Asks: 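I'd like to ask you about the structure that follows.
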Amino acid sequence: MKKISLYVFLVLGLLFLFKYSFSINTYLKCESYNQESEKVSYFAFDKHHIWSDYDQINSKFKKKSNSNYGEKHVISTAFFGGTIKINREIGTIEIEQGLTLLGVPKPDLVLNCKKINKRKLPKEKIDKKF
């Protein structure tokens, strides 16, 4: 009986390791290249998706898009009418924002990013009144 429970525990442990070892996210803290804007954006990506629009209260990303993964670039092809391109070599994210209502292209947004741990993602505490 002890051997069977040991084998079951070992198999479940290996399945857990394999499942989560292939879907580990990379978390990024990004700031604009021009120093006028003090807004900080957070992104995450793996081999299949890019997550954006981080919600600090609920500690999760609101937007998820499919991506093409490469050693140098991770590119999302459907990011609200535009594309998002993560350059892993330089450490930047370029967001093509699509077109305005008049059909004029919006300027691309370039962010300078650095890799962070998941624990470094901000968490906003709420003072509950009831």
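The figures that follow rest on heavy atoms only: side chains count, while hydrogens, waters and symmetry mates do not. Keep in mind it's a predicted model, so treat the numbers as computed, not measured. This chain uses plain numbering: 1 for the first residue, then up along the sequence.
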Asks: Is it the case that more than 12 heavy atoms not belonging to E89 sit under 6.0 Å from its CD atom?
Replies: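 Not more than 12 within 6.0 Å, no.
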Asks: When you check the gap from the basic side-chain N to the acidic O, do K85 and E94 get nearer than 4.0 Å?
Replies: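 Judged by the 4.0 Å cut-off on N to carboxylate O distance, K85 and E94 do not form a salt bridge.
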Asks: Evaluate side chain to side chain contact (heavy atoms under 4.5 Å, CB included) for K29 paired with V40, printing each intermediate quantity in order.
Replies: CA-CA 7 Å; K29 178 182 178 181; V40 176; 3.6 Å; yes
Asks: Got a second to check how far C30's SG is from I116's CD1, nearest 0.5 Å?
Replies: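 If I round to the nearest 0.5 Å, the distance is 8.5 Å.
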Asks: Kindly compute the distance separating NZ (K60) from CG (L121), expressed to the nearest 0.5 Å.
Replies: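 Going from the NZ atom of K60 to the CG atom of L121 covers 14.5 Å.
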Asks: For the pair Y69 and F45, name the ring-plane relationship: parallel under 30°, tilted 30 to 60°, perpendicular over 60°.
Replies: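 Taking F45 first and then Y69, their aromatic rings sit tilted (interplane angle of 30° to 60°).
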Asks: Can you tell if the side chain of V74 reaches within under 4.5 Å of the side chain of T26, non-hydrogen atoms only?
Replies: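 V74 does not reach T26 side chain to side chain.
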Asks: Could you state the interatomic distance from CG (N58) to CD (Q56), rounded to the nearest 0.5 Å?
Replies: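 One finds 11.0 Å between CG of N58 and CD of Q56.
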Asks: Quick one: pull up CG in N68 and CD1 in I75 and give me the separation to the nearest 0.5 Å.
Replies: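 Rounded to the nearest 0.5 Å, the CG-CD1 separation comes out at 6.5 Å.
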Asks: Does W51 reach the side chain of S65, with side-chain heavy atoms less than 4.5 Å apart?
Replies: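 No, side chains not in contact.
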Asks: K114: which residues meet the side-chain hydrogen bond (donor to acceptor under 3.5 Å, both in side chains) condition with it, sequence neighbours left out?
Replies: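 In terms of side-chain hydrogen bond (donor to acceptor under 3.5 Å, both in side chains), with neighbours along the sequence ignored, K114 is linked to no residue.
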Asks: Should Y27 and I86 be regarded as members of a common hydrophobic cluster, given that ILVMFWY residues are connected when their side-chain heavy atoms come within less than 4.5 Å of each other, either directly or indirectly?
Replies: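 Looking at the clustering, I86 is in a separate group from Y27.
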Asks: Do H49 and N66 pair up side chain to side chain, a donor and an acceptor below 3.5 Å, judged on atom types alone?
Replies: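 Their side chains do contain a donor-acceptor pair, which is all the 3.5 Å distance test asks for.
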Asks: So, does Y42 use its side chain to make a donor-acceptor pair with the main chain of P122 at under 3.5 Å?
Replies: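 Side chain of Y42 to backbone of P122: no pair is present.
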Asks: Can you give me the closest heavy-atom contact between S59 and Y54, atom names plus distance?
Replies: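 Scanning both residues completely, I find the closest heavy atoms to be CA-OH, 3.4 Å.
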Asks: Show the nearest heavy-atom pair for residues I57 and K123, with the distance to one decimal.
Replies: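 Minimum heavy-atom contact is O-NZ, 2.8 Å.
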Asks: Rounded to the nearest 0.5 Å, what separation is found between the CG atom of N25 and the NE2 atom of H48?
Replies: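 Interatomic distance, N25 CG to H48 NE2, rounded to 0.5 Å: 11.0 Å.
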Asks: Looking at every non-hydrogen atom in both residues, tell me the closest pair between S67 and D46 and how far apart they are.
Replies: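 In terms of heavy atoms, the two residues are closest at OG-O, 4.3 Å.
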Asks: Picking from D108, V110, T83, I84, what satisfies side chain to side chain contact (heavy atoms under 4.5 Å, CB included) with I95?
Replies: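 When side chain to side chain contact (heavy atoms under 4.5 Å, CB included) is applied between I95 and each of D108, V110, T83, I84, only I84 qualifies.
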Asks: For residues L109 and L28: do they belong to one hydrophobic cluster (side chain heavy atoms under 4.5 Å, members Ile, Leu, Val, Met, Phe, Trp, Tyr)?
Replies: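 Linked within one cluster.
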